[in-house]
Each structure stands twice: as structure tokens, then as C-alpha cells.
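Since the structure comes first, as C-alpha cells, the remarks are kept for the end.
Counting starts at 1 for both ligands and their atoms, in listed order.
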Amino acid sequence: MLELGTPTLKGFTQNFIRKGGEYIKMETEYKLPIEEQEEEKTITSDRKLAHLQICLEHDVQARNITAGLEDISFVHRATTDLNLDEIDLSVKILGKKLSIPLIISGMTGGHAFAQKLNVFLSQAVETTNIGMGVGSQRAALENEEVKESFNVVRENAKKSLIIGNIGAGQIAQGLTNDQFTEIIDMVKADAIAVHFNPLQEAIQPEGDTQLENLHEKITDLIQNHSIPVIAKEVGSGFSLDDIVQIKKIGFQAIDIQGVGGTSWAGVEAIRTLSLKHKSTGEVFWDWGVPTAFSTILAKHNFNGVVIGSGGVRNGLDIAKLIALGADAAGMAIPFLIAVQKHSVDAVIQKIQETEYQLRLACFLTRSRNLSDLKKAPLIISGKTAEIMRIYGIDPSSYLSRE
Ligand SMILES: Cc1cc2nc3c(=O)[nH]c(=O)nc-3n(C[C@H](O)[C@H](O)[C@H](O)COP(=O)(O)O)c2cc1C
């Protein structure tokens, strides 16, 4: 079993933070005082380290809203006549064949500790043949020294589906074509996710909230590169108008990341020392489009690849999203928690459990493969059915389909 080095996870929970290239231990608080946060705006890697720490030490899940997956039920088939272990869960997506339709959503990179997490995650991904996104590569554009924390992903996952990551905010601020090429090359990416996180940025005193001409700038980058580009949220999902806009901009894929899982308004509310931002983060903690409904909207209104994500916690959740029309699913925090157990083994175990749960959902719905699962009858009830009706989508159309 591999052990994490310095700062160890134990050290990490003792509040290490990078300053001037050194890891120093904060005595009581992981947060920089507000004046310093504003002065040190460019130290993206410090912020990313605080995010990891907050996600591991606090409950930052949605509070009074869910991803809506409890409203989705399969119809049980007691008379199933399949061989459980012969069910084909593989999928071809973004140019790679995955053993199961699962992607570890982008989380880390940009500092020494994240490098260790990225090594473990990418080794697990390569072993199990699933996909993986990296965290925002902005830190590596600001500081050459942290590029290695991203490079290690491709070094350890030579064959796997690897997705690069950059924020819409950086594009609005004028990310160049050369910088876009640089982030692709850094992980030899199969696709790049552009994350839209206006809520999260607005809860950061130093956040990027100047987004004028964003759409034109993204279209320009997409047109100048042949790589598939994914529109990704971080936990508030996409509305119908967003999906129409995403199509118009020219994105080839959508990574839903709906509300119901990790709340980034919540993470920032905990991190900030600004009372105004803290209270606003509390108010907007549960803001967004629930994952199940956002996936349904994407299925009905977008022709490209759809990744269902945000609050996905097990293989049955994945099965439900595939049946709602997703091509694959993404999970973030469950894998952060698994890697916290100090080993590649814990991540592989989580992937294997998830695989078995997805397999069982196929077995019990008499689905030989994911194409069958996409047509499996669904009963959609509760709030999700209510919202569908408001949008003119008949929930009962999911009960019998070809
Ligand atoms: C520690 C951590 C760091 C993250 N950093 C990024 C990031 O840099 N870029 C990004 O697009 N999403 C980032 N995310 C968001 C996840 O990709 C995902 O959209 C979100 O956490 C919701 O998924 P979940 O409910 O499965 O956690 C991060 C998530 C976590 C937990």
C-alpha cells in the first residue's frame, strides 16, 4: 500500500498551507486573514488546498434539496433471465472505451498535496479503466512549479480517458489560444472541461464575476482546437436556457454537476472570513437545478455527450442517470473520501463496489447492456415529476419506451 508523503493527510488536517513555496502549519485557522486573501489573489493553489481541507473536514453537502434521484425508480424484474457477470457495462465516450460509464469528476492539482492525490486517483483509474477529470489547471498557468501535479495524471494513466479543466472565469479574463493548448498538453487531454461556477465565484471575495463576452470567447477557443470541449458546472446544474446556449456556443458535451451533492456556495461560505460572503453562501447553499431534472433537460435538448453528475453516490444512482439519458456519470467527493484512506486500493474498492451496484441494476431490469438500460421503464414521481410537468415533459413517457 502506498503512503502519502509530506504533507501527510494527518499533517494536512493540521492545517498546512503553502506560502512562498513552503508548506507552513497554520496554528488554528486554515484561512488567510481577509486582508491577505485580497492581497494574495493570485495564489490559486492555496485556495485549492483550503477547498480540499474543507471538503474533508466539514459537511458541505446540499441541505434541503436533493439530486432528485430518489424520485426515479426502476421497475423490478423478478423473472430476469440474464447472467449477472455477462452484462456488458462498457461505453465508448469522448474517443475512449471505458469498462463502466464512470468518470472521477475534476478535483485536484496545483500543489504538492494534490499531486499525491492525483497519483493515487490516476493509478486507480488506469487499473479499472474508467475516466478522470483533473481540477482547474489555472494554478499551473500562474506558476510553472505546480505543473507536475497535473503531469503525473497522464504519466500514471497512459491509456485512460483524461479530461483537462479550466474555469469560464479565466476564459472571460482573456485566456489565450496558446494557454488553452498548454492545458491540453499538460495532461495530454482527451477532452477539456470548461467549468461554469458563477455562484461559487460570487461567494469568494476575490472571485471572477466579470463575465462579459464569455460566450464569444469560448466559441473562439472551441473553433481553434480540435479537442472536444465539455460545459461543466460544479454543483448547480444547467437550466433549459443554459443547455440551448451551450449548444449555440459549440460545446460537444455537457457535464451536468447539478445541485444535490457538494455545495460550492457552502464550501466558500466556510472558507471566507467576509461576513457578507459567508451569510450569502448560507442563503444560496442549495441553489441550482437538481441533477436528475438537469439530465432530463439535456437528454431532450442536447445532441452531444451527456455526463450525469452532482450528488451521484453509488452504482444505482449511475444506473438511474443512464436510464434518464446520460452517457456516463461523474462522482467527485466519494473519491476524495476514498483516497483519504491513504491508498489506491481504497479508490479501486470504491470503483468496484460501484461497478457491482450498476451491474445489479442492469440484472434486475433485464438490461444486457447500457443501451437496454437506457430503455428500461422508469417510474418518475415526487418533485422531479412535478417539475417535468411544469416544463411540459410527461413523466409517464418514461414508463414504456422503445
Ligand atoms: C475538493 C474538490 C475540488 C474541486 N475542484 C474543482 C475544480 O478545480 N474544477 C471543477 O470543475 N470542479 C471542481 N470540483 C467540483 C466537482 O468536480 C463536482 O462538480 C462537484 O464536487 C459536485 O460533485 P459531487 O457532488 O460528486 O462532489 C471540486 C470538487 C471537490 C470535492
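With rounding to the nearest 0.5 Å, the separation of OG1 in Thr181 from CD1 in Ile192 is 9.5 Å.
Near ligand 1, residues Lys48, Leu52, Cys55, Ser105, Gly106, Met107, Gly135, Ser136, Asn165, His195, Lys232, Glu233, Val234, Gln257, Gly261, Thr262, Trp264, Gly310, Gly311, Arg313, Met331, Ala332, Ile333, Leu336 come within 4.0 angstrom through at least one heavy atom.
With hydrogens and angles ignored, the 3.5 Å screen pairs no side-chain donor or acceptor of Arg77 with any backbone N or O of Thr365.
The salt bridge (charged side-chain N to carboxylate O under 4.0 Å, His left out) check on Glu155 picks up nothing, with sequence neighbours excluded.
Using cut-offs of 30° and 60° on the angle between ring planes, the pair His51 and Trp264 is perpendicular. Ring-plane geometry between Trp287 and Phe284 is classed as tilted, the angle between the planes lying from 30 to 60 degrees on a 0 to 90 degree scale.
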Pair Ser263, Gln61 - check side-chain hydrogen bond (donor to acceptor under 3.5 Å, both in side chains), show working.
CA-CA 5 Å; Ser263 165; Gln61 297 306 291; over 6 Å; no
